[in-house]
Protein chains: 2
Amino acid sequence: MTTIKQVASYAGVSVATVSRVINETGYVHEDTRRKVEEAVKQLNYKPNEVARSLYKKKSRLIGLLLPDITNPYFPLLARGVEDRMQENDFRIIFGNSDEDRQKELDYMDTFIQNNVVGVISSTNNPDTDCYANLKIPVVFLDRTSSDSLSVYADGTHGGRLAAQEMIARGSRQITVLQGPAHIRPAQDRFRGAVEELQRLNITYHVVATTSFSFKEAESWAKELFSKHPDTDGVIASNDIVATAVMHEAHRLGKKIPEDVQIIGFDDIPLSSLLFPPLSTIRQPAYEMGWEAAGLLIQLIEQSQAAKSSMRQLHSSIQLPVKFIERETTRKVDFHG
Amino acid sequence: MTTIKQVASYAGVSVATVSRVINETGYVHEDTRRKVEEAVKQLNYKPNEVARSLYKKKSRLIGLLLPDITNPYFPLLARGVEDRMQENDFRIIFGNSDEDRQKELDYMDTFIQNNVVGVISSTNNPDTDCYANLKIPVVFLDRTSSDSLSVYADGTHGGRLAAQEMIARGSRQITVLQGPAHIRPAQDRFRGAVEELQRLNITYHVVATTSFSFKEAESWAKELFSKHPDTDGVIASNDIVATAVMHEAHRLGKKIPEDVQIIGFDDIPLSSLLFPPLSTIRQPAYEMGWEAAGLLIQLIEQSQAAKSSMRQLHSSIQLPVKFIERETTRKVDFHG
DNA sequence: TTGTACGCGTTATCAC
DNA sequence: GTGATAACGCGTACAA
């Protein structure tokens with residue numbers, strides 16, 4: 001690691017001057033600038049981010065906290081965040097929380113200790129102290145918070161959409177899988193679906209679930225078809241659960257979509273690869289990550305500039321969901 | 001952020017003393033220790049990692065470089081790395097390289113600038129300068145390098161296994177999909193499969209591929225069945241490609257596994273969720289990440305301790321692969 | 001056993 | 001225009 005001092009002596013100037021040309025701050029004679037630039041190139045000098053961070057009390061690092069990167073929904077979110085951050089020369093410290101309060105706190109602590117300038121968190125506890133007391137901007141991703149900024153998809157509308165499409169395609173005995181109670185977006189979807197079903201005056205049943213794990217979903221799928229054998233339409237809480245339902249339907253010899261239609265939620269990469277390919281309500285995960293990063297960057301730059309004036313210029317971003325018609329739902333001509 | 005100075009004045013001691021109790025270095029009277037600990041708790045003091053890093057010229061950060069977290073194979077690797085690092089109080093700066101040389105270099109630079117103490121990289125260019133000139137330990141993950149340490153699965157054996165299982169289950173017209181030439185493990189698998197096929201004196205065809213993208217894999221799958229319509233066994237370069245082959249087989253009305261058997265590679269989460277569930281050669285991705293992290297930690301600690309003596313105590317780790325029998329291959333009684 | 005003072009690499013504030 | 005120099009928060013000789 002070559003330091004600014006070495007560059008300075010190589011160029012025959014003081015460190016102050018080197019700093020000036022590096023940061024393009026203050027006047028510096030054209031000739032000396034060239035000398036310095038030459039020295040920088042020769043010595044392959046790269047400023048030490050740590051020293052910078054220490055002095056300025058802010059780094060080019062942001063913290064990204066996700067429940068579990070192993071869950072197929074999150075890689076796309078992460079990639080969206082990463083791409084946008086990369087473009088703006090921010091780096092990411094990444095952690096999995098497993099929706100565990102303690103892990104979450106630990107990560108937040110180490111984020112702070114490393115002088116991150118912002119945090120993107122996909123947490124179920126956005127209103128907890130560790131966020132409220134934070135002195136740096138936070139954006140909640142895929143989770144809503146009452147007073148903080150967040151980026152999320154329109155789950156309620158998604159639920160409604162799922163119900164509408166199901167009905168438009170002729171199912172009348174709907175069973176809705178209610179996602180985990182502690183996951184806000186899952187409840188939004190559920191509520192949306194149920195409201196629409198009620199509005200449409202359709203009978204429906206509900207099967208409660210507590211996670212998005214495939215293993216567990218398999219048993220709920222069994223429960224679904226044994227408790228409600230006449231079900232001809234399933235609105236699943238996400239694509240993983242929908243997949244488990246498909247497997248169980250196969251096992252029972254039910255034809256998809258003739259005997260039972262299935263609609264998932266998320267549109268994870270898996271969905272289009274299933275057989276038959278899964279119809280689902282698409283959340284634009286990559287875009288969500290991208291938008292969250294963009295929002296956070298704005299907040300960071302704003303807090304650099306006007307420390308007190310004009311706060312809260314920005315607001316949460318709700319992204320639209322979309323019905324992706326594939327082959328677990330029947331075709332309709334009139335639909336549009 | 002409360003600093004060590006504040007803790008010191010709160011406790012009525014010097015910063016040196018506070019530092020001593022924090023780091024458990026040097027003598028300190030029991031009474032003062034308690035005073036300091038009390039102050040630390042009262043003020044909720046957490047040492048500033050940045051200052052530490054600057055002084056010691058080493059952080060608690062490691063760099064993790066993956067081709068693309070969006071590729072379903074990598075989240076498990078990442079999780080393995082993260083879990084082990086977390087246990088040892090290391091944090092991860094994460095980046096996607098897209099197998100792009102420039103991005104890779106950029107990330108390596110910023111890793112260095114942030115004083116990371118080690119790097120785990122899943123790169124196709126392990127022998128490039130940016131690694132050779134590195135002053136910190138590197139572990140290559142899922143990629144082999146001639147002189148550096150790496151953690152990888154036994155691809156060659158995996159290929160052989162795939163061929164054996166295919167033959168044991170009665171296929172005689174094998175087509176092997178040759179994975180991307182620039183990806184070493186893909187070539188290992190391919191070589192293993194072909195060698196075994198030759199040894200067994202079986203006719204086989206090869207279809208070349210250049211990526212693991214599903215979109216492209218679809219066209220190779222078409223090519224496969226049109227050029228070699230009598231194929232009754234496909235050894236795919238990975239599970240994504242195998243999935244594309246399954247789709248094409250479906251489309252052509254071929255029964256799996258009766259008309260054509262298919263074996264994938266990796267055992268990504270998707271594989272067990274397909275219909276029929278995909279038989280595949282499992283790479284223990286999570287364990288690979290875990291082992292890579294463990295190895296890197298050892299290297300880090302070793303380089304802390306004995307700066308010059310006893311180097312290269314450790315060696316690369318090759319993890320075993322395993323045939324996962326699911327339903328894209330036929331059953332055999334005798335097999336074991 | 002404890003405190004003072006310096007240095008880690010940078011930036012910013014002054015003089016010159 | 002340019003160069004000393006203090007400061008960021010911490011760890012560690014060295015002195016006391």
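FYI, side chains are in, hydrogens and waters are out, and symmetry mates aren't considered; it's all heavy atoms of this structure. Just so it is clear: chains get the letters A, B, ... in the order the sequence lines come, proteins before strands, and each one is counted from 1.
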- Query: Please give, in whole Å, the distance from C:dT10 P to B:N114 CG?
  - Reply: 13 Å

- Does any pair with a residue in residues 10-50 of chain A pass ring-ring contact (aromatic ring centres under 6.0 Å, His included), and if so which ones, sequence neighbours excluded? none

- Message: Can you see if the side chain of A:T32 gets near the phosphate of D:dG1 - specifically, an N or O under 4.0 Å from OP1 or OP2?
- Response: no

- Message: Just to verify, what does B:Y286 make a ring pair (Phe, Tyr, Trp, His ring centres under 6.0 Å) with, not counting sequence neighbours?
- Response: none

- Item | Qualifying residues under ring pair (Phe, Tyr, Trp, His ring centres under 6.0 Å), relative to B:F94, sequence neighbours excluded | none

- Message: Per the ring-ring contact (aromatic ring centres under 6.0 Å, His included) rule, what does the pair list look like for residues 46-76 of chain A, sequence neighbours excluded?
- Response: none

Sequence neighbours left out, cut at 3.5 Å: what donor-acceptor pairs do the side chains of residues 288-300 of chain B make with other protein atoms?
from: B:Q298; atom 1: OE1; to: B:H314; atom 2: ND1; distance (Å): 2.7
from: B:Q298; atom 1: OE1; to: B:H314; atom 2: NE2; distance (Å): 3.4

- When rounded to whole Å, the CG to C1' distance for the pair B:D31 and C:dT1 reads 12 Å

- Query: What does nucleotides 8-16 of chain D look like as a protein-contact string, B for base, S for sugar-phosphate only, - for none, at under 4.0 angstrom between heavy atoms?
  - Reply: BBBBBB---

